[in-house]
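Have a look at the structure below before the remarks.
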Amino acid sequence: MANEYNTEEEVLGKAYDSKLMKRLLTYIKPYRKYVFFAIFLNIIVAALGPLRPYLTEIAVDKYIAKSDYNGLLLIGVLLLTSLLLQAFIQYFLTYYTQYLGQKTIFDLREQLFTHTQKLALRFFDKTPIGRIVTRVTNDIESLNDLFSSGIVMIFSDVFIILWILAFMFFMDVKLSLVTLSVLPVLIYGTFLFRRKVRESYRDVRMHLARLNSYMQEHITGMNIVQIFHKQKDEREKFYRINSDYRSSWIKAVFYYAIFYPGVELISSIAIGLIIWYGGGETIRSSLTIGILFAFLQYTEMFFRPIRDLSEKYNIMQTAMASSERIFKLLDNKTFISNPENPVIPGRLKGEIEFRNVWFAYNEEEYVLKDISFKINPGETVAIVGATGAGKTSLINILTRFYDIQKGSILVDGIDIRAMDKKELRKYISTVLQDVFLFSGTIRSNISMDNDDIPEEKIISSAKLVGAHKFIDSLPKKYDEIVMERGATLSVGQKQLISFARALAYDPQILILDEATSSVDTETEILIQKAIEKLLVGRTAIVIAHRLSTIQNADKIIVMHKGEIRETGNHQELLANRGIYYKLYQLQYKDQEVIRVS
Ligand code: TTP
Ligand code: MG
């Protein structure tokens, strides 16, 4: 896991990539008037600071030296005005740059989420969840820095430097050159710092990713950790990851601890140079005291934006890295394609046909081989077979979670690839092997927040599958809060809710991947009854583990290693003495058949 993140970070390193930047700028485009406004304010505010030492120079040389009180007062008023103006502009700047940043990343986050929803399951099979979450959170956040402070503030720093240089050279060229003589040292130091910090930040990010994924996995598997008394081992593992993370931070901080005082030192040297050289010149009367004063202030002012620029460089770099990863996700085109002119069947009869279907999750590793069968409207077909035979895969392709490689799947004689995905899925309800409940209420989990499903339908569905009784006994009934993954409900209860969910949508075709987990006898009866009710009046494919479901099916399809080996009803298949017979002997024979009256 860590290595994966490592290589992912390693690829990156550019602080500026014109292609990425161009694309990033398209996100700012809708808000460009704010950008221009902010840059405009920046130019003004950047000039206001450097203006003050110049005013001081005038005050000292023109008015103090000549004891001109009125002139001095004027300068005082000007200084105060510039301070107030600066504060006022700064307010707008801060507000609008943050506004800009938040607006932009909001849009990007929306786009990313919408895009992720459209991706085919094939993509999620190969991408760790943690990575997608990081894109939508951390990576987007680092773009905020770029949009809100990066782009605009870089202008501000550059303008401040330019203004200072302009004022300095305007006042005294020689003294300016003396001040700037320390610049090569500073530039070299900054270069070194930037490189070191870049490396250490990369370490920090890598260790953080490791820490996050460890935490995530550990919390998800908490019950296993506790059952197997693995707390101590896990603590030790965590300790190592945590110490690595700490060390990487301390290293990063170390460079800062050297760089910041270093810049201070260099700027002090520059000040020393001005006092030594400029002071001498003043004594020799070729320089005024006012200019000396102003230069001392400029020197102090000059080094801050330079120091900040290297900080901005890091922001740029992180943002470029993040945007590259975000765009990579946005450019991922693992979609299940939708036809341009989809066939819209009216009301479905519910006939299903597989014609020589071949399917592989990974190219050429076929998990379904040459599957052909036909289900008439209203029939129930049970699919049986050993684990890994391809039963779940069979239903995954019927709803187009994955597209098949060869052959065709027809619903009412129409190839499912010619239908609109949404339409197709509307006709088919699927109850999966592991029930997934969302955090919300029981009601929202049955209706899936679909407002078209009226309250009565929710309750009647729950009643029909036998879930109403236990829901009604909950303190808040249908408004009872369901925790993430339905942790507060029993396995059987979750099953019943998922049945109610399927029924509330009243599908023509029902797919049921029967759970293997055993529940108590009472719930078992409830579930069996629920399944029987679910199947009435619709075409159904049931991946069956319960003998009762299998026996009641119109047809049984026996799968073995991705192929259909036998078809027939219970009696026929038993008489055949083939795979089904063996399966029956091994798995179902001892299964106590609970008679449902
Ligand atoms: P399944 O179709 O999941 O097998 P099954 O449903 O018959 O098994 P069980 O009774 O345990 O539910 O798997 C068939 C093969 O496809 C198996 O080798 C695993 C592989 N597979 C994937 O590679 N990716 C997937 O998402 C799934 C579901 C299966
Ligand atoms: Mg399965």
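One-based numbering, in listed order, for ligands and for the atoms of each.
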Notebook entry, point to check: What protein heavy atom sits nearest atom 14 (C) of ligand 1, and how far away is it?
Noted result: Gly388 O, 3.5 Å
Notebook entry, point to check: With sequence neighbours left out, what residues match Glu110 under side-chain hydrogen bond (donor to acceptor under 3.5 Å, both in side chains)?
Noted result: none
Check: Which pair of heavy atoms, one from Ile404 and one from Gly407, lies closest together, and at what distance?
Finding: CD1-O, 3.5 Å
Note to self: Does Arg577 qualify as a cation-pi partner of Tyr581, given the criterion of NZ or CZ under 6.0 Å from the six-membered ring centre and within 45 degrees of its axis?
What the structure shows: yes
Notebook entry, point to check: Is the cationic atom of Arg122 (NZ for Lys, CZ for Arg) positioned less than 6.0 Å from the six-membered ring centroid of Tyr361 and within 45 degrees of its normal?
Noted result: no
Next item on the list: Using distance alone, decide if ligand 1 has a nitrogen or oxygen within less than 3.5 Å of any nitrogen or oxygen in Ala389.
Entry: yes
Notebook entry, point to check: Would you call Gln231 and Glu234 a side-chain contact if the rule is heavy atoms closer than 4.5 Å?
Noted result: no
Notebook entry, point to check: Charged N to carboxylate O below 4.0 Å: is that the case for Lys422 and Asp420?
Noted result: no
Next item on the list: Around atom 15 (C) of ligand 1, find the nearest protein heavy atom and jot down its residue, atom name and distance.
Entry: Val367 CG1, 3.7 Å
Check: Between Ser248 and Asp203, do the side chains contain an N or O donor and an N or O acceptor separated by less than 3.5 Å?
Finding: no
Next item on the list: Heavy-atom contacts with Thr387 under 4.0 Å: which atoms of ligand 1 show up? List them by number with element.
Entry: 8 (O), 9 (P), 10 (O), 11 (O)
Check: Can you find an N/O atom of Gly385 closer than 3.5 Å to an N/O atom of ligand 1?
Finding: no
Notebook entry, point to check: Is a side-chain donor-acceptor pair under 3.5 Å present for Tyr584 with His570?
Noted result: no
Next item on the list: Determine, counting only non-hydrogen atoms of the protein, whether one lies under 4.0 angstrom from atom 19 (C) of ligand 1.
Entry: no
Check: Backbone or side chain, does Thr387 get an N/O/S atom under 2.8 Å to the Mg ion (ligand 2)?
Finding: no
Checklist line | Protein contact of atom 10 (O) of ligand 1 - nearest heavy atom, named by residue and atom, plus distance | finding: Lys391 NZ, 2.7 Å
Checklist line | Nearest-contact summary for atom 29 (C) of ligand 1 - protein heavy atom, Å | finding: Tyr361 CE1, 3.4 Å
Margin query: Salt bridge check, Lys328 against Asp331: does any charged N sit closer than 4.0 Å to a carboxylate O?
Written below: no
Checklist line | Where ligand 1 meets Thr392 - atom numbers and elements under 4.0 angstrom, heavy-atom basis | finding: 2 (O), 3 (O), 5 (P), 6 (O), 12 (O)
Next item on the list: Show which atoms of ligand 1 fall inside a sub-4.0 Å distance from at least one heavy-atom site of Ser393.
Entry: 1 (P), 2 (O), 13 (O), 14 (C), 16 (O)
Next item on the list: Run the numbers for me: atoms of ligand 1, each under 4.0 Å from some heavy atom of Tyr402, listed by number.
Entry: 26 (O)
Checklist line | Identity and separation of the nearest protein heavy atom to atom 12 (O) of ligand 1 | finding: Gln433 NE2, 3.0 Å
